[in-house]
Every structure is written in structure tokens, then in C-alpha cells.
Participant: 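Below is the structure I would like to discuss, written out as C-alpha cells.
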Amino acid sequence: MQISAPCVVSLTWKLTDAQNRPIDELGEPVEFFYGGHDLLAKVEEALAGHAAGAELQIHLEPEQAFGDYRAELVCFEDRKLFPEQLEAGMAFEGLPAGHASADMPADVIYIVTEIYPSHVVLDGNHPLAGLALRLDLQVRDVREASAEETESGTVGAGPLTVLASPGGGATLH
């Protein structure tokens, strides 16, 4: 079966940055809905018409993947607004109650990047924002999508269901 919307593709891949430094590897096949919300548009475009066994190398510019890095998505919040047990790398959906950054979007996942006695630095950018990426992709299987998958536009909560994020950027598991 050739890949065309709607269908379900089973994929493995290696993701690297533009300098070929490893970022992510999906060694075991995972299913994604093709023609819905599971994959980036550039990835879907590259997969179109291929079948099981295809191996593709895709170059993604930041605007085709996780967006450009936006300095305006970095903010500083009072340390008292956060739990005592706080570590760099922790993620929060939106800003804490009582936050001082009125102009920051509420529907963003913020990552704690630095912790100081008086304040915490939060970054609403995806960790891969601003990076050009290389994706070595293998199509392991292609099947017809079920009525439920077609209706929902996804196969569920797989690793890449986070590819499309609020604000038009994207995220990777």
C-alpha cells in the first residue's frame, strides 16, 4: 500500500542536528496517522506515495519543524511561586498563579532553565527551536486508517502526537 491520506504509517528514525549530532532515535516502529495531526507537514510531504521499506532523508529548517527561537518566550518569575522541589528541565503548562509576566502566552509549556534564590527563568520555546534538523526515516509498514483514527486525525498519544504545539511551533517527544 502506498502512503496517501488517510492512512497509518509505522516509522523508525534517527534525528540529528545540521552538524549530524544525535538528538533522538526511534528504534522500534511507532504508528502515526498520515493526513492528520501526528506528523509535520514537511514529513508528510516527503512520505507521500512511498510504501513499506522506503528510506528517506529529510532536511527540516526551523520553520518546518519547531520554529525559530523566540526570545520573547523567556521570562523571570518569583521563586516563591514554585514548589520547593524544583529542578532545571522541569516543565509547566502555562505560568504559575500570581505570575508577573502578563504578556506571556498561557497555552505554552514552559521549561525551567535556571533557578536562583530570588527568581526562576522559564523558557516557552521548544528545546529544538531554531535548529535545522536531519531526519533519517524508515517506513516499516503502511495500513488503512480505522474510522476512529480518521475521525480523530491521530492514532493516539504516541511519541509524536506533540509535533504540533500551541503558537504554531512543534515539539518532539
Side-chain angles (χ1 to χ4, degrees), residues 1-70 73 87-94 105-113 122-173:
M1 176 176 178
Q2 287 189 330
I3 298 172
S4 65
C7 72
V8 174
V9 295
S10 180
L11 305 173
T12 58
W13 70 68
K14 290 182 184 175
L15 179 69
T16 63
D17 66 14
Q19 288 73 44
N20 214 29
R21 291 180 293 231
I23 295 173
D24 184 55
E25 184 169 354
L26 183 61
E28 293 297 317
V30 174
E31 290 188 330
F32 300 95
F33 185 82
Y34 179 90
H37 311 296
D38 287 357
L39 297 167
L40 294 167
K42 178 79 174 188
V43 174
E44 284 204 356
E45 180 183 309
L47 287 169
H50 289 280
E55 295 186 13
L56 306 161
Q57 293 181 329
I58 304 167
H59 178 82
L60 300 166
E61 289 298 325
E63 62 273 8
Q64 298 166 323
F66 303 100
D68 290 322
Y69 187 85
R70 297 173 45 202
L73 290 178
E87 297 177 18
M90 290 178 80
F92 292 90
E93 189 171 339
D107 61 346
V108 170
I109 295 175
Y110 291 92
I111 306 293
V112 174
T113 59
L122 299 171
D123 190 342
N125 287 287
H126 184 277
L128 299 178
L131 294 179
L133 303 170
R134 293 179 181 166
L135 185 62
D136 291 329
L137 189 68
Q138 298 84 39
V139 179
R140 300 301 184 176
D141 193 26
V142 182
R143 67 170 175 81
E144 290 185 28
S146 69
E148 181 181 305
E149 291 164 339
T150 300
E151 184 177 329
S152 67
T154 184
V155 292
L160 278 187
T161 56
V162 289
L163 270 176
S165 72
T171 55
L172 184 66
H173 72 294

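No hydrogens, no waters, no symmetry mates; every other heavy atom, side chains included, goes into these values.
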Participant: With sequence neighbours excluded, what pairs up with Q138 under the side-chain contact (heavy atoms from CB on, under 4.5 Å) test?
Facilitator: T12, E55, D136, R140
Participant: Counting only heavy atoms not in E151, do more than 12 sit closer than 6.0 Å to its CD atom?
Facilitator: no
Participant: Could you give me the CA-CA distance, side-chain angles and deciding distance for F32 and V43, then say whether side-chain contact (heavy atoms from CB on, under 4.5 Å) is met?
Facilitator: CA-CA 11 Å; F32 300 95; V43 174; over 6 Å; no
Participant: Run the side-chain hydrogen bond (donor to acceptor under 3.5 Å, both in side chains) test against T113 and tell me which residues pass, sequence neighbours left out.
Facilitator: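 By the side-chain hydrogen bond (donor to acceptor under 3.5 Å, both in side chains) rule, T113 matches no residue at all.
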Participant: Please determine, by modelled atom types, if E61 and H59 share a side-chain donor-acceptor pair under 3.5 angstrom.
Facilitator: yes
Participant: Show your reasoning for whether side-chain contact (heavy atoms from CB on, under 4.5 Å) applies to R143 and E149.
Facilitator: CA-CA 12 Å; R143 67 170 175 81; E149 291 164 339; 2.8 Å; yes
Participant: Listed by chain and number, what are the side-chain hydrogen bond (donor to acceptor under 3.5 Å, both in side chains) partners of D17, not counting sequence neighbours?
Facilitator: R21
Participant: Applying side-chain contact (heavy atoms from CB on, under 4.5 Å), run through Y34 and L11 and close with a yes or a no.
Facilitator: CA-CA 11 Å; Y34 179 90; L11 305 173; over 6 Å; no
Participant: Checking A46 now: which residues fulfil side-chain contact (heavy atoms from CB on, under 4.5 Å) with it, not counting sequence neighbours?
Facilitator: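 Residues passing side-chain contact (heavy atoms from CB on, under 4.5 Å) with A46: I58.
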Participant: Using the test side-chain contact (heavy atoms from CB on, under 4.5 Å), find all partners of T150 that sit at least two apart in sequence or belong to another chain.
Facilitator: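 In terms of side-chain contact (heavy atoms from CB on, under 4.5 Å), with neighbours along the sequence ignored, T150 is linked to P6, F33, A145.
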Participant: Do other residues, nucleotides or ligands put more than 12 heavy atoms under 6.0 Å from Q19 CD?
Facilitator: yes
Participant: Please report the C-alpha distance between W13 and D24 in whole Å, then the side-chain angles of each, then the deciding distance to 0.1 Å, and finally whether the side-chain contact (heavy atoms from CB on, under 4.5 Å) criterion is met.
Facilitator: CA-CA 8 Å; W13 70 68; D24 184 55; 3.1 Å; yes
Participant: Partners of T16 by side-chain contact (heavy atoms from CB on, under 4.5 Å), sequence neighbours excluded?
Facilitator: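 Per chain and number, T16 pairs via side-chain contact (heavy atoms from CB on, under 4.5 Å) with N20, R134.
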Participant: Side-chain contact, heavy-atom cut-off 4.5 Å: V9 with D141?
Facilitator: no
Participant: Taking the side chain as C-beta and beyond, is there a heavy-atom pair between P105 and L73 under 4.5 Å?
Facilitator: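 In short, these two side chains touch, coming nearer than 4.5 Å.
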